[in-house]
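These figures come from a predicted structure and were not determined experimentally.
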Amino acid sequence: MDSHAQFDEEPRVRERCASEDRRFLDIAGRIALRGLGDVEPNPCVGCVIVKDGVVIGMGHHRSFGGPHAEREALAACQARGLDPRGATMYVTLEPCAHVGKQPPCTEAIFKSGVARVVYARPDPHSLSGDGARILNSAGVLSECCNASALARLAADAFIKRTQTGLPWVIAKWAQTIDGRIATRSGESQWISNELSRARVHRLRARVDVILTGLGTVVADDPMLNARVPTRVRRIARRVVVDTHLETPEDAAIVRTAREYPTSIACAKEMAVAEVVTDRRSRLEAAGVEIIGVPTPLNGRVDLELLLRALVDRYDATNVMIEAGPGLLGSLFALGLVDEAIVYIAPILLGDDEARSAAAGRAVESLRDARRFRLARTKRLQSDLELTYSRIRDADSSSST
């Protein structure tokens with residue numbers, strides 16, 4: 001009898017996993033997030049190796065082009081003088097099976113003597129996928145367990161971009177208890193406290209693009225750069241959605257365009273129109289890149305095409321939205337927001353004309369609402385940080 005016959009050649013997918021599997025996948029998920037801002041456009045991946053119920057090695061993908069999480073965890077075992085033979089490897093993403101900047105992880109796993117691999121998500125990439133099947137055919141039991149939400153979210157941005165060509169879109173705003181982001185006159189600085197604002201800067205320091213609208217530039221004259229005491233992992237490109245190319249030339253975002261990469265996304269015809277040649281030349285001379293984007297019948301920049309352009313032009317994986325209710329409302333209406341991070345301050349305005357976070361839709365029934373799932377909460381002194389993930393049509397039936 002073939003010694004490999006006891007293993008399925010196709011990966012097993014289990015929704016109900018042993019509590020031990022979920023616990024170690026949770027750990028792998030937390031480790032994976034250490035790579036945020038350093039590994040993109042590669043996925044964030046974490047790995048934990050367990051033998052006789054004891055963790056003997058851990059690792060995560062640390063940098064783009066660097067060793068993958070599985071090899072990092074195996075190296076940690078070796079550094080501690082511990083043998084992974086017969087152990088179980090928990091990893092947030094199916095081990096890769098191709099030669100890229102690094103050799104295939106399947107090869108390292110097989111040579112290590114690891115007996116079982118449990119991964120949280122299949123690899124959707126045509127080049128690197130198929131790892132589980134290869135491991136199973138080589139005698140290493142490999143199965144997918146989707147019980148750990150924490151482990152699954154680590155690869156969300158990578159999987160979305162691979163499958164759709166769109167980046168992961170994170171909307172951020174601060175609001176009062178009654179859901180207002182500014183007074184009727186537009187005053188918004190500062191609704192949130194210093195701790196909340198520091199968290200925003202940390203987020204800016206790990207995304208590829210910060211997207212805003214002309215209205216926000218005119219009203220607040222923001223810098224939209226990351227100001228953190230620790231390392232800035234990514235210098236985000238600042239992109240202004242400005243259909244008619246009206247961004248003030250003395251705006252802070254223009255004056256600092258040579259220090260921080262900056263683009264203006266305008267209507268495609270405005271990018272070449274003679275009537276704005278001088279203005280366009282002055283913006284470009286200041287270091288601003290002009291992106292011409294097609295406009296649909298409503299005369300506004302096509303936001304989905306813009307997001308695709310950010311992937312194609314700048315290799316963007318994570319896009320953060322810091323904008324007013326118009327742009328935010330349009331992105332929500334088009335179903336382009338994947339995650340919302342909301343800072344709620346203990347302030348109440350009670351003014352019908354104060355500005356809400358998103359606007360522009362006419363909704364008569366709750367059935368037409370965009371639905372999100374509360375993923376995480378964090379108290380920041382008097383503020384509360386709430387992180388919501390979008391509920392897709394495929395999993396809305398399981399929501400409550």
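Of the possible donor and acceptor atoms, none in the side chain of T92 sits under 3.5 Å from a partner among the backbone N and O of A28. H61 places a side-chain N or O within donor-acceptor distance of the main-chain N or O of P67, the cut-off being under 3.5 Å. Judged purely by atom type and a 3.5 angstrom limit, D242 has no side-chain atom pairing as donor or acceptor with the backbone of L214. Side-chain N or O atoms of D178 include none that pairs as donor or acceptor with a backbone N or O of L348 at under 3.5 Å. The closest donor-acceptor contact from the side chain of E94 to the backbone of P122 lies at 3.5 Å or more, if one exists at all. A donor-acceptor contact shorter than 3.5 Å is absent between the side chain of D221 and the backbone of A251. The closest donor-acceptor contact from the side chain of T230 to the backbone of V228 lies at 3.5 Å or more, if one exists at all. Of the possible donor and acceptor atoms, none in the side chain of R71 sits under 3.5 Å from a partner among the backbone N and O of G59. Under the 3.5 Å distance criterion, the side-chain polar atoms of T216 are matched with a main-chain donor or acceptor of G324. Side chain of K160 to backbone of L166: no donor-acceptor contact under 3.5 angstrom is found.
For the pair V218/P248, a side-chain contact is recorded, criterion being any heavy-atom separation below 4.5 Å from C-beta on. Contact annotation: the side chain of I170 approaches that of L203 to within less than 4.5 Å [non-hydrogen atoms, C-beta and beyond]. For the pair L224 and Y260, the minimum side-chain heavy-atom distance is 4.5 Å or more. Looking at P296 and V301, their side chains never come closer than 4.5 Å, going by heavy atoms from C-beta outward. Side-chain contact between D208 and P167 is absent, with no heavy atoms from C-beta onward closer than 4.5 Å. The closest side-chain heavy-atom distance from L374 to L386 is below 4.5 Å. Here the side chains of E274 and T277 are in contact, with some heavy-atom distance below 4.5 Å. The shortest distance between side-chain heavy atoms of Y90 and E20 falls below 4.5 Å.
Between E143 and R116 there is a salt bridge, with a side-chain nitrogen of the basic residue lying less than 4.0 Å from a carboxylate oxygen of the acidic one. The pair D38-R231 meets the salt-bridge criterion, since a charged nitrogen lies less than 4.0 angstrom from a carboxylate oxygen. Between D302 and K268, no side-chain nitrogen of the basic residue sits less than 4.0 Å from a carboxylate oxygen of the acidic one, so the salt-bridge criterion is not met. For R237 and D315, the salt-bridge test fails: no basic side-chain N is under 4.0 Å from an acidic carboxylate O. One finds no salt bridge joining E385 and K378 here, because no Lys/Arg side-chain nitrogen approaches an Asp/Glu carboxylate oxygen to under 4.0 Å. Salt-bridge formation is not detected for the pair D351/R180: no Lys NZ or Arg NE/NH1/NH2 atom is positioned less than 4.0 Å from an Asp or Glu carboxylate oxygen.
Of the N and O atoms on the side chains of S196 and N193, at least one donor lies less than 3.5 Å from an acceptor on the other residue. Side-chain N/O atoms of S263 and Y314 include a donor and acceptor closer than 3.5 Å.
Nearest heavy-atom pair across T243 and G299 is CG2-O, 3.3 Å. In plain terms, the two heavy atoms of L135 and P95 that are nearest each other are CD1-CG, 4.1 Å. Contact between A151 and A120 at its shortest, heavy atoms only, is CB-CB, 3.6 Å. Pairing each heavy atom of I347 with each of T176, the nearest pair is O-CB, 3.0 Å. Of all non-hydrogen atoms in V48 and M58, the two that sit nearest each other are CG2-CG, 4.1 Å. When every heavy atom of L245 is checked against every heavy atom of I290, the shortest pair comes out as CD1-CD1, 3.9 Å.
Counting non-hydrogen atoms of neighbouring residues, nucleotides and ligands closer than 6.0 angstrom, the CD atom of E284 exceeds 12 such neighbours. Heavy-atom contacts from other residues, nucleotides or ligands closer than 6.0 Å to CG of L366 number 12 or fewer. No more than 12 heavy atoms of other residues, nucleotides or ligands lie within 6.0 Å of CG in D52, so this atom counts as exposed by the packing criterion. Other residues, nucleotides and ligands contribute more than 12 heavy atoms inside 6.0 Å of the CG atom of D368. With a 6.0 Å radius and a threshold of 12 heavy atoms from other residues, nucleotides or ligands, E194 has its CD atom at or below the threshold. Other residues, nucleotides and ligands contribute at most 12 non-hydrogen atoms within 6.0 Å of the NE2 atom of H244. Within a 6.0 Å radius of CZ in R199, more than 12 heavy atoms belonging to other residues, nucleotides or ligands are found.
Rounding to the nearest 0.5 Å gives a distance of 5.5 Å between SG of C145 and CG of L25. S148 contributes atom OG, which lies 10.0 Å from atom CD1 of I27 (distance to the nearest 0.5 angstrom). The CG atom of N225 lies 7.5 Å from the CD1 atom of I210; values are rounded to the nearest 0.5 Å. The distance from atom CD1 of I181 to atom CG of L328, rounded to the nearest 0.5 Å, is 7.0 Å. With rounding to the nearest 0.5 Å, the separation of CG in L334 from CG in L303 is 6.0 Å. Summarising the geometry, atom CD1 belonging to I321 is positioned 5.0 Å from atom CG belonging to L331; distances are rounded to the nearest 0.5 Å.
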With side chain to side chain contact (heavy atoms under 4.5 Å, CB included) as the test, would you mind laying out the steps for L306 and L211 before giving the verdict? CA-CA 10 Å; L306 171 57; L211 189 68; 4.0 Å; yes
May I have the step-by-step check of side chain to side chain contact (heavy atoms under 4.5 Å, CB included) for L33 and L153, ending in yes or no? CA-CA 9 Å; L33 298 180; L153 73 82; 3.9 Å; yes
Full working for side chain to side chain contact (heavy atoms under 4.5 Å, CB included) between I191 and Y343: CA-CA 9 Å; I191 288 176; Y343 295 90; over 6 Å; no
Would you please test M89 and L74 for side chain to side chain contact (heavy atoms under 4.5 Å, CB included) and show each step? CA-CA 9 Å; M89 173 180 284; L74 289 169; 4.1 Å; yes
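Taken together through direct or relayed side-chain contacts under 4.5 Å among Ile, Leu, Val, Met, Phe, Trp and Tyr, L36 and V169 form parts of separate hydrophobic clusters. There is a path of hydrophobic side-chain contacts, each under 4.5 Å, that joins V293 to V319.
A salt bridge (Lys or Arg N to Asp or Glu O under 4.0 Å) with E249 is found for exactly one of R280, R282, R255, R279, namely R282. Here the options are R197, R204, R238, the test is salt bridge (Lys or Arg N to Asp or Glu O under 4.0 Å), and the partner is E322; only R204 passes. Screening P104, C105, S112 against E70 for a side chain to side chain contact (heavy atoms under 4.5 Å, CB included) leaves a single residue, C105. Of the listed residues (R376, R390, R373), just one forms a salt bridge (Lys or Arg N to Asp or Glu O under 4.0 Å) with E339, and that residue is R376.
Residues that satisfy the salt bridge (charged side-chain N to carboxylate O under 4.0 Å, His left out) test with R355, not counting sequence neighbours, are absent from this structure.
Between Y388 and F372, the gap from one ring centroid to the other reaches at least 6.0 Å.
In this structure, W173 and F332 have perpendicular ring planes: the angle between them is above 60°, well past the 30° mark.
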